[in-house]
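I have placed the structure first, in the form of structure tokens, so that the comments after it can refer back to it.
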Amino acid sequence: MGVSETALLSARDLRAERPGDDGPVAVLAGIDLTLNAGDVVELAGPSGAGKTTLLLALARLLPGVTGDLHLVGVAARDIPAARWRTRVALLPQRATLVPGTVATNLRLPWELQVRSQDEAPGDGALRDALTDVGLGGVSLDRDASRLSVGQASRIALLRVLLTQPSVLLLDEPDASLDDASAAQVARKTAAFAAAGGAVLRISHVRADAAACARYRLEHGLLTQVSA
Amino acid sequence: MSADGAIVIGWWELALAMLFVLVTGGLSIAMSLKLEKDLAIATVRTYVQLMALGFVLRWVFANQTWYIVIALMLVMITAAARVVLKRAPDAPPGLFGNAALSMALTGFTVTFAVTALVVRVPTWYEARYVLPIAGMVVGNSMTGIALAVERVFSDMESRRDEMLAMTALGATAWEAARPSVRTALTAGMMPTINSMAAAGVVFIPGMMTGQILAGADPLEATKYQIVVMLMISAATAIGAISAVMLMYRKRFTDEGVYLEKGLRIQGRKPK
């Protein structure tokens with residue numbers, strides 16, 4: 001951790017407020033964070049401390065945030081928001097799939113204007129990816145509404161991973177998974193980091209063995225728990 | 001009976017129609033529905049508003065000028081825009097201009113297209129034709145536009161998780177909102193389409209009924225009614241599309257983030 005030449009994502013003095021009973025409450029009260037290539041960083045903290053808010057802020061999905069964000073040294077203001085989100089990919093806690101088949105969902109990112117020049121993965125690549133997270137028995141033609149919560153959350157993770165972002169922001173990706181499925185997710189995220197990406201994941205249920213650093217967010221401030 | 005064969009309703013007969021309201025009010029009291037007060041107010045408003053309209057139209061027909069006709073159309077459009085927003089509680093504030101613009105776009109284009117191209121009125125601001133047609137265009141399209149506007153905002157709110165996932169994947173505001181826009185436009189257009197499909201089979205449309213009661217030839221009344229129904233469908237489509245396309249973006253920040261309820265902090269403008 002720390003500023004280095006391989007820093008993929010850096011945040012300086014991130015601040016955000018939300019309305020409280022007695023006026024605005026600082027959810028992020030000046031957060032500094034750097035994610036380097038190969039990092040898997042775990043984020044913990046009490047409910048309502050602002051962990052999800054921090055992930056949204058890093059993905060530029062939260063209005064009203066102040067502070068500086070850089071992606072591989074380039075300031076956020078110099079990168080269009082939609083392009084930023086293709087590089088700094090957030091996986092929300094509630095896995096939400098769009099109506100349609102598994103294949104429709106996995107190829108959704110390539111239906112978007114921001115990737116109109118890119119080629120979507122073929123059926124073979126999608127089947128391999130499904131097998132890789134223990135979903136080899138799930139057909140590409142299966143309707144997304146017939147998936148279990150655990151299956152849907154892994155497909156949502158795959159959908160993000162297939163886009164090959166630089167930074168992965170995971171909001172409790174294994175909250176609805178059994179131990180075996182959670183281990184597959186941990187293996188996938190570790191492989192993503194090993195290939196040069198960086199991962200910041202909120203963990204409530206299980207600690208990630210591959211984590212190189214653990215942070216705790218409380219009262220709007222980030223403290224390192226262990227390296 | 002009037003000269004063209006219509007049976008004229010006298011003031012006494014008009015007052016007699018109150019009996020229907022008295023019966024309904026009696027039922028409301030007997031069944032403790034507590035509708036009698038609303039019913040009484042609505043009845044008084046019906047008499048007062050429609051009688052006032054009758055006098056105004058009679059005066060306008062006798063003294064018509066282009067600016068009086070346009071001014072009356074603007075009054076209709078303003079009132080309709082207020083109704084559209086009142087029926088959309090999830091809509092963000094400050095949309096009156098957009099609602100009025102959509103109503104004006106559909107009100108003026110469809111009304112004058114019909115009066116100029118189909119009815120071929122001798123004077124473009126012929127009040128006897130322009131005002132009733134504008135009333136039907138604005139009134140009927142208002143219902144469809146209100147439905148579409150209400151639906152686009154309520155549907156986006158119910159899809160907020162899906163839209164967050166899409167935006168996180170790089171979707172633009174339009175790409176995230178598109179399914180809600182489709183749902184809203186379908187909802188706005190469906191009553192008009194259903195009405196067109198059922199006309200003449202399930203019911204005799206109001207305007208045609210009015211013309212027949214006023215002594216017009218049924219076939220001539222039918223021709224007018226067909227024009228009116230097609231005109232209303234076009235007005236609803238133009239109005240709903242323009243209103244929804246002008247308004248849905250107001251729920252997103254400049255960076256394409258959907259402002260769900262939790263993010264709509266009072267007094268703070270999004271970045």
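- Of all non-hydrogen atoms in V98(A) and N105(A), the two that sit nearest each other are N-OD1, 2.8 Å.
- Looking at R83(A), there are no atoms closer than 4.5 Å to chain B (heavy atoms on both sides), in backbone or side chain.
- With respect to R201(A) and D174(A), a salt bridge is recorded, a charged nitrogen being found less than 4.0 Å from a carboxylate O.
- Contacts of R60(A) with chain B are made by both backbone and side-chain atoms, with heavy-atom separations under 4.5 Å.
- The shortest side-chain heavy-atom distance between V185(A) and V133(A) does not fall under the 4.5 Å cut-off.
- Contacts of residues 162-192 of chain B with chain A at a heavy-atom distance below 4.5 Å involve E162(B), L164(B), A165(B), M166(B), T167(B), A168(B), L169(B), G170(B), A171(B), T172(B), E175(B), listed in sequence order.
- When only modelled atom types and interatomic distance are considered, R107(A) and T101(A) share no side-chain donor-acceptor pair under 3.5 Å.
- Between the side chains of R15(A) and T66(A), no donor-acceptor pair of N or O atoms lies under 3.5 Å.
- Neither the backbone nor the side chain of L91(A) comes within less than 4.5 Å of any heavy atom in chain B.
- Partner of S242(B) under the side chain to side chain contact (heavy atoms under 4.5 Å, CB included) criterion, out of L105(B), L101(B), N98(B): L105(B) alone.
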Show your reasoning for whether side chain to side chain contact (heavy atoms under 4.5 Å, CB included) applies to R85(A) and V257(B). CA-CA 11 Å; R85(A) 292 171 199 137; V257(B) 178; 3.5 Å; yes

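- Looking at P99(A), only its side chain comes within 4.5 Å of chain B, counting heavy atoms on both sides.
- Ring pair F112(B)/F108(B) is parallel by interplanar angle, where below 30° counts as parallel and above 60° as perpendicular.
- Using a 4.5 Å cut-off between heavy atoms, L90(A) contacts chain B through both its backbone and its side chain.
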